[in-house]
Amino acid sequence: EAGQLNRKFLGRKSRFAYLAIAEPWPKVSGIAKVDLESHGSPQQNVMATMLHKPGCYGGEPFFVPRTSNSTAPEDDGYILTFVHNEETGQSELLVLDAKSPSLEKVASVKLPGRVPYGFHGTFIGSHELQNQNSNIF
């Protein structure tokens, strides 16, 4: 559900996808990194999973490259996702290492308010932001 790729590979053959684990449906209880080139069973194609703590549910994962280097490995980057703790009411932004075998948490940022489930986001780098047309709005 709600899969993401390294956007540098959109429209081209890519190996990795990062998927939301929607269990219990429709809540997102974690993230899975899937190898799209593997020819095994669906379970064998899952390279890594990260499950949220009990009572915590998140949003879709979003891949952000670690570098703008075009020769960097496809999974060299971070996965960003919002998580909400239903017991404490606290929300946070998680930053995960997309290359690690366990999608290891690199950082978390406490948020001052709740991010609703189903919130869709995008990452815009500084170079993309600078190239935006200021006359759009």
Side-chain angles (χ1 to χ4, degrees):
E1 182 66 30
Q4 290 284 317
L5 307 169
N6 180 336
R7 290 173 43 183
K8 292 191 297 187
F9 288 83
L10 287 177
R12 296 186 288 154
K13 185 175 182 177
S14 57
R15 180 174 177 191
F16 303 112
Y18 302 89
L19 308 175
I21 300 170
E23 182 66 37
W25 178 259
K27 294 182 178 180
V28 174
S29 58
I31 297 171
K33 177 182 180 180
V34 177
D35 184 343
L36 301 173
E37 292 182 356
S38 177
H39 299 290
S41 70
Q43 292 80 11
Q44 292 171 322
N45 294 353
V46 175
M47 297 184 63
T49 57
M50 187 284 303
L51 297 176
H52 301 307
K53 297 174 192 171
C56 296
Y57 300 97
E60 67 179 330
F62 193 82
F63 184 89
V64 177
R66 187 181 318 265
T67 177
S68 60
N69 182 343
S70 63
T71 63
E74 180 181 344
D75 61 348
D76 186 19
Y78 303 100
I79 300 298
L80 304 182
T81 188
F82 293 111
V83 178
H84 177 69
N85 185 320
E86 292 186 342
E87 295 170 11
T88 66
Q90 180 67 50
S91 288
E92 62 184 323
L93 171 69
L94 292 183
V95 181
L96 310 173
D97 181 352
K99 202 169 188 169
S100 82
S102 61
L103 298 175
E104 179 182 335
K105 181 167 66 171
V106 175
S108 67
V109 179
K110 302 280 188 213
L111 302 175
R114 182 174 185 269
V115 176
Y117 297 133
F119 181 79
H120 294 283
T122 191
F123 180 83
I124 298 174
S126 61
H127 65 284
E128 294 170 302
L129 193 57
Q130 290 172 350
N131 291 331
Q132 292 294 311
N133 183 346
S134 61
N135 297 325
I136 291 177
F137 295 105

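- By the 4.5 Å heavy-atom criterion applied to side chains, Leu94 and Glu92 are counted as neighbours.
- Under a 3.5 Å cut-off, the side chain of Gln90 and the backbone N or O of Leu111 do form a donor-acceptor pair.
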Checking Phe63 against Leu5 for the side-chain contact (heavy atoms from CB on, under 4.5 Å) test, could you report, in this order, the C-alpha distance in whole Å, the side-chain angles of both residues, the deciding distance, and whether it holds? CA-CA 6 Å; Phe63 184 89; Leu5 307 169; over 6 Å; no
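- Val83 has its side chain out of reach of Tyr57: every pair of non-hydrogen atoms, C-beta onward, lies at least 4.5 Å apart.
- In this structure, Phe16 CZ and Glu74 CD are separated by 6.0 Å, a value rounded to the nearest 0.5 Å.
- Within the 4.5 Å cutoff, the side chain of Leu80 has heavy atoms near those of the Leu93 side chain.
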side-chain contact (heavy atoms from CB on, under 4.5 Å) evaluation trace for Leu36 with Ser14: CA-CA 7 Å; Leu36 301 173; Ser14 57; 4.0 Å; yes
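- In this structure the side chain of Met50 reaches within 4.5 angstrom of the side chain of Leu96, judged on heavy atoms.
- For the pair Tyr18/Asp75, a side-chain contact is recorded, criterion being any heavy-atom separation below 4.5 Å from C-beta on.
- Taking the side chain as every heavy atom from C-beta outward, Asp35 and Arg15 approach each other to under 4.5 Å.
- Looking at Lys8, its side chain does come within 3.5 Å of a backbone N or O of Asn69 through a donor-acceptor pair.
- Remark: side-chain polar atoms of Lys33 are paired, donor with acceptor, to backbone N or O of Ala98 under 3.5 angstrom.
- The side-chain contact (heavy atoms from CB on, under 4.5 Å) with Leu103 is formed by just one residue from the set Thr49, Leu51, Ile31; it is Ile31.
- Of all non-hydrogen atoms in Pro61 and Ile79, the two that sit nearest each other are CB-CG2, 3.6 Å.
- Nearest approach of Thr81 to Gly59, heavy atoms of both residues: OG1-O, 3.0 Å.
- The salt bridge (Lys or Arg N to Asp or Glu O under 4.0 Å) check on Lys27 picks up Glu86, with sequence neighbours excluded.
- For the residue pair Ser91/His84, the side-chain donor-acceptor check at 3.5 Å is satisfied.
- The heavy-atom pair separating Ser100 from Ala48 by the smallest distance is O-CB, 4.1 Å.
- Residues satisfying the salt bridge (Lys or Arg N to Asp or Glu O under 4.0 Å) test with Arg114, not counting sequence neighbours, are none.
- Between Lys99 and Pro73, the shortest heavy-atom distance links the atoms NZ-CG, 3.4 Å.
- A salt bridge between Asp76 and Arg66 is present, with a side-chain N of the basic residue lying under 4.0 Å from a carboxylate O of the acidic one.
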